[in-house]
2 protein chains.
Amino acid sequence: MAIISRDFDAPLGTSAPTLEVPEVVIDRLPQYVRTLTQLLEDGVEVTNSQQLGAQLQVTPAQIRKDLSYFGRFGKQGRGYRVRHLLDELKQILGLDAEWNVAVIGVGRLGNAILNYPGFNPDGFHLVAAFDNNPSNVGTEVGGISVQPMTALAQTVVDRDITIAIVAVPSAHTQSVVDQLVACGVRAILNYTPINAQVPDGVRVRSIDPVLALQSMTYYLAYQGHPTNGHQKTG
Amino acid sequence: MAIISRDFDAPLGTSAPTLEVPEVVIDRLPQYVRTLTQLLEDGVEVTNSQQLGAQLQVTPAQIRKDLSYFGRFGKQGRGYRVRHLLDELKQILGLDAEWNVAVIGVGRLGNAILNYPGFNPDGFHLVAAFDNNPSNVGTEVGGISVQPMTALAQTVVDRDITIAIVAVPSAHTQSVVDQLVACGVRAILNYTPINAQVPDGVRVRSIDPVLALQSMTYYLAYQGHPTNGHQKTG
DNA sequence: GACTGTGAAAAGTTTCACAGCT
DNA sequence: AGCTGTGAAACTTTTCACAGTC
């Protein structure tokens, strides 16, 4: 039982990440990390599930339950030492490591991503950029020299790249994702509006502002759009 | 029973959107819309839950169940007419209307958003931009003249703006969101890494690439990061 | 024969409520 | 007294399986 400080005997070492911890829980941990980081910066040394819940708009019980999957980090009657809990969560999420990231596609969006300063403080280092278009290859974007796609496999190995950000035209998404998977990349942040198919063991997250807007309009549509009367078809 | 073609008597007209339809279902509908749009463009006239499920990596049963909240759109033995189902779903989501959107903050990120061509084809029109910084006010970004924040309330009314995209520095998020809510905006797409507090009836969706990356590293950390041995603290 | 629409079962997730530690 | 950690209960969501229609 070397891996996480949990004391049940789930079959570790299976290739699919079907550990005992529900995926929804994992998805919340980064938010806890962020809130704890904030508290730490504000000089708060001890917190509790009540306070964290208020910040995150989540019930205190949920926070306690989520944390209980990984260990006992608090002290009854007192709460959680902010620094301690933060360190534990970062370690659980693998955020105590530095991660090298490649950006595929240096069009308008890829450019914005490469120039975005928000990744580095969190341990994600954009270390390589690739593009299909010969006129982009060799240019510098965000301090990184753009390489041709043919250099992908070699650079992924040389630079120990484990994560890729895809910002290519929609039509190329699947092909680029296939190439990344073939190179051994197993975490992909997809900025295109395409549902790429990947084998088991590869994770894809999508950033899709249009989908986000479209799921909100449902609630707007009848809560009363000021001027625009929605007429039914059927 | 005017609003949606469903035949149960949930209390409509309540201010919070606690209709009978689960929120997870609403969140999936835009993806169905996208896939159907794709099929339509490819000239496919009839589809079925099997095919849609394969595209979306969702079980056919889930698609049928989701659709059943809104009506009976298919024909047994045949499937769904793509155009018909697409029209129905768009109507349900309010995507048969055009939505005017304001962008708050025209820094690097706001600039990228205002120049992003992906919103308009889906009926979202970026019609106004605001910034606090006097040196940005009056400039043109993405064909839109940047206004001061003081003009917000008036412009929201004049231009029938119902949705806002927030791309300001983190420290200003809550204040900007408060102003938007005060103006009557009830759907906000938040590009900052801050959890804004909003009253009931206001929807916030966040675009947060760092959180997306951080939830993937958990799975990478022990599936075997090529070189980097993760050592436990405790 | 093929597929939808849907109750009912199963699985997953959240919340409750309280024993137990500080 | 105050808060955590956690089984058990409540609730939500997904999947199953099949009657019904084309």
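Hydrogens, waters and symmetry mates play no part in the numbers below; they use all other heavy atoms, side chains included. Chain A is the first sequence line, chain B the second, and so forth, proteins listed ahead of strands; every chain is numbered from 1.
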Legend entry - Residues A/M216, B/R186; criterion side-chain contact (heavy atoms from CB on, under 4.5 Å); working and verdict: CA-CA 9 Å; A/M216 291 194 290; B/R186 281 195 318 287; over 6 Å; no

Inset, instruction - Between B/K75 and A/K75, name the one whose nearest nucleotide on DNA chain C is closer to the 5' end. - result: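 First, find each residue's nearest nucleotide; the 5'-ward one identifies B/K75.
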
Legend entry - DNA chain C: 5'-proximal contact among A/R78 and B/R78 (nearest heavy atom):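 Residue closer to the 5' terminus by nearest nucleotide: B/R78.
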
Euclidean distance, atom [atom1] of residue [X] to atom [atom2] of [N] [Å, nearest integer]:
X: B/L29; N: D/dT13; atom1: CG; atom2: P; answer: 14 Å
X: B/F73; N: C/dC3; atom1: CZ; atom2: C1'; answer: 17 Å
X: B/Q76; N: D/dA17; atom1: CD; atom2: C1'; answer: 15 Å
X: A/K65; N: C/dC18; atom1: NZ; atom2: C1'; answer: 13 Å
X: B/L56; N: D/dT14; atom1: CG; atom2: P; answer: 14 Å
X: B/I63; N: D/dC16; atom1: CD1; atom2: P; answer: 14 Å

Say whether [X] and [Y], considering side chains only, have a donor N or O and an acceptor N or O under 3.5 Å apart.
X: A/D208; Y: A/Y191; value: no
X: B/T173; Y: B/T192; value: yes
X: A/Q174; Y: A/D178; value: yes

Using the side-chain heavy atoms of [X], tell me which of these nucleotides is nearest: [options].
X: B/Q62; options: C/dT4, D/dT14, C/dT13; value: D/dT14
X: B/A61; options: D/dC16, D/dT13, D/dT4; value: D/dC16
X: B/R28; options: C/dG5, D/dT14, D/dT4; value: D/dT14

Inset, instruction - Go through the N and O atoms of the side chain of B/R64 and the base of C/dG5, and report whether any donor-acceptor pair is under 3.5 Å. - result: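 By the distance-only test, yes, there is a pair.
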
